[in-house]
Amino acid sequence: EVLVSAWVSIEVIRQPAYQLEIRSDQTAVIVGTPVTWTITSAFFEGTPAPEVALGASLGGIASPLTTDEDGIASITKTAPRADQADWQDANGWSFYAAPTGPEAGEISADASVLVFPSAYDLQGSGRLVGSQLEVSGTLKLVDLDLVERELAAGEWSGNAGGAAVGGQPVEIGVVELIPVEKIVGTEYDFIEKVSRPIIEYSTTRKAVGTMTATSTAGGTFATSIPIPNASHEYELRLTATDPAGRVQLRMAWAGPDVDATWWWDRGPVFEEADGRLADEQQYRIGEAIAWQIAERGDAVPTGGGNRFLY
């Protein structure tokens, strides 16, 4: 009697005749900086593999190369801008290479460089205080040495901020995000036997204004602007320009604080009188249980016009 069975695949694994390695002279740069990539082809005992034709791709752009008699090929290119409308953080710039001729096994190599949009590291946030939108943040230099050390250690934190930048302007544009409800039709509720409106939700953008904050010696900045409606959300567009004219962008959003539980949009739920969800509680045999139906944190009244089928 067969209790269990399994398939085993037997294949021939061929060791490649040689190997490729790609290195860059820098692993973190500011956009516009030249970077030299070096490809080395070598047999496994260490001797060079000369005149290897390579199909290489740098940032998605074909860059065919051929190694010399020492098994080396190199290419120098300027770090490009990321293909993003709102480029804020460092972007990976990758180089991939593989031989174009026949091979006995899989042979390829790749490497990447982090490209920053500016020499500045700009961070910012906003919050609503009454009828004011308060904006604060920091302006620092991008510390490339720090980034390269962390990359080498395999623990890039994502924080490139180094020395503080003081006395520099930070431009802040504010846009009000106005929620719009539009009735686009009706649908029939067969349980309650009534017609209900179908509502389409959208957002209208309205410019509130721009302001300029100047960073302190410690690299911090803060300012505020009056807002037309404290119940709406606001989009902030912060920019700072480094000495080479490169713009660093930071997007942020601010709105009213909403203390909503994770089930806020779940619709009606059963809960205890103290607001705890019913399915999160344990009960003893014979214990009296009293649940109520609540929607968005408010108990639904008995016999109300919005009664549910329970």
Side-chain angles (χ1 to χ4, degrees), residues 31 81-91 115-142 157-162 164-184 197-242 245-267 295-298:
V31 64
R81 286 191 56 81
D83 187 19
Q84 301 173 11
D86 294 328
W87 187 18
Q88 301 182 63
D89 299 304
N91 193 62
V115 182
F116 289 85
S118 166
Y120 287 163
D121 176 82
L122 174 62
Q123 303 296 328
S125 62
R127 64 171 187 156
L128 301 187
V129 180
S131 61
Q132 295 284 317
L133 170 59
E134 296 184 349
V135 183
S136 60
T138 59
L139 184 64
K140 300 179 180 180
L141 290 175
V142 172
S157 66
N159 180 12
V165 177
Q168 294 298 314
V170 177
E171 302 293 330
I172 306 165
V174 180
V175 174
E176 181 183 10
L177 305 178
I178 305 172
V180 178
E181 296 183 6
K182 180 182 178 181
I183 298 178
V184 295
I198 300 174
I199 302 176
E200 182 180 87
Y201 298 92
S202 61
T203 301
T204 297
R205 299 169 58 87
K206 181 180 179 181
V208 175
T210 59
M211 50 187 170
T212 301
T214 302
S215 60
T216 66
T220 62
F221 61 87
T223 187
S224 64
I225 187 174
I227 54 173
N229 193 324
S231 67
H232 290 169
E233 189 175 11
Y234 293 84
E235 179 187 274
L236 290 74
R237 186 181 181 92
L238 297 81
T239 57
T241 304
D242 70 12
R246 296 167 295 207
V247 177
Q248 173 64 56
L249 169 68
R250 181 63 55 198
M251 302 295 296
W253 288 264
D257 292 330
V258 179
D259 186 17
T261 57
W262 65 270
W263 47 266
W264 189 255
D265 290 320
R266 279 182 53 183
E295 186 174 25
R296 288 183 171 271
D298 295 324

Distance from [X] atom [atom1] to [Y] atom [atom2], nearest 0.5 Å?
| X | Y | atom1 | atom2 | answer |
| --- | --- | --- | --- | --- |
| S202 | I178 | OG | CD1 | 10.5 Å |
| K206 | E176 | NZ | CD | 6.0 Å |
| T212 | I172 | OG1 | CD1 | 7.5 Å |
| F221 | T138 | CZ | OG1 | 6.5 Å |
| L122 | K140 | CG | NZ | 11.5 Å |

Donor-acceptor pair, side chain of [X] and main chain of [Y], under 3.5 angstrom:
| X | Y | answer |
| --- | --- | --- |
| Q88 | M251 | yes |
| D242 | A119 | yes |
| S215 | V165 | yes |

Quick one: does [X]'s side chain get under 4.5 Å of [Y]'s, heavy atoms only?
| X | Y | answer |
| --- | --- | --- |
| R250 | D89 | yes |
| L236 | L133 | yes |
| S118 | V142 | no |
| L238 | V135 | yes |
| L141 | Y120 | yes |

Margin query: I need the single residue from V175, I225, N229 that forms a side-chain contact (heavy atoms from CB on, under 4.5 Å) with V208. Which is it?
Written below: I225
Looking only at heavy atoms, what is the nearest atom pair of [X] and [Y], with distance?
| X | Y | value |
| --- | --- | --- |
| G255 | L128 | C-CD1, 3.6 Å |
| A230 | G130 | CB-O, 3.6 Å |
| D86 | R237 | OD1-NH1, 3.2 Å |
| A82 | W87 | N-CZ3, 3.4 Å |
| P256 | S231 | CG-O, 3.6 Å |
| L139 | A240 | CD1-CB, 3.9 Å |

Check: Under 6.0 Å from the CD1 atom of I183, do we count more than 12 heavy atoms belonging to anything else shown?
Finding: no
Item checked: Other residues, nucleotides, ligands: >12 heavy atoms within 6.0 Å of R127 CZ -> no
Item checked: Cationic N near anionic O, under 4.0 Å, E200 to K182 -> no
Next item on the list: Would you sort out whether H232 and I227 count as a side chain to side chain contact (heavy atoms under 4.5 Å, CB included), showing the intermediate values?
Entry: CA-CA 9 Å; H232 290 169; I227 54 173; over 6 Å; no
Next item on the list: Check step by step if side chain to side chain contact (heavy atoms under 4.5 Å, CB included) holds for D121 and Q248.
Entry: CA-CA 7 Å; D121 176 82; Q248 173 64 56; over 6 Å; no
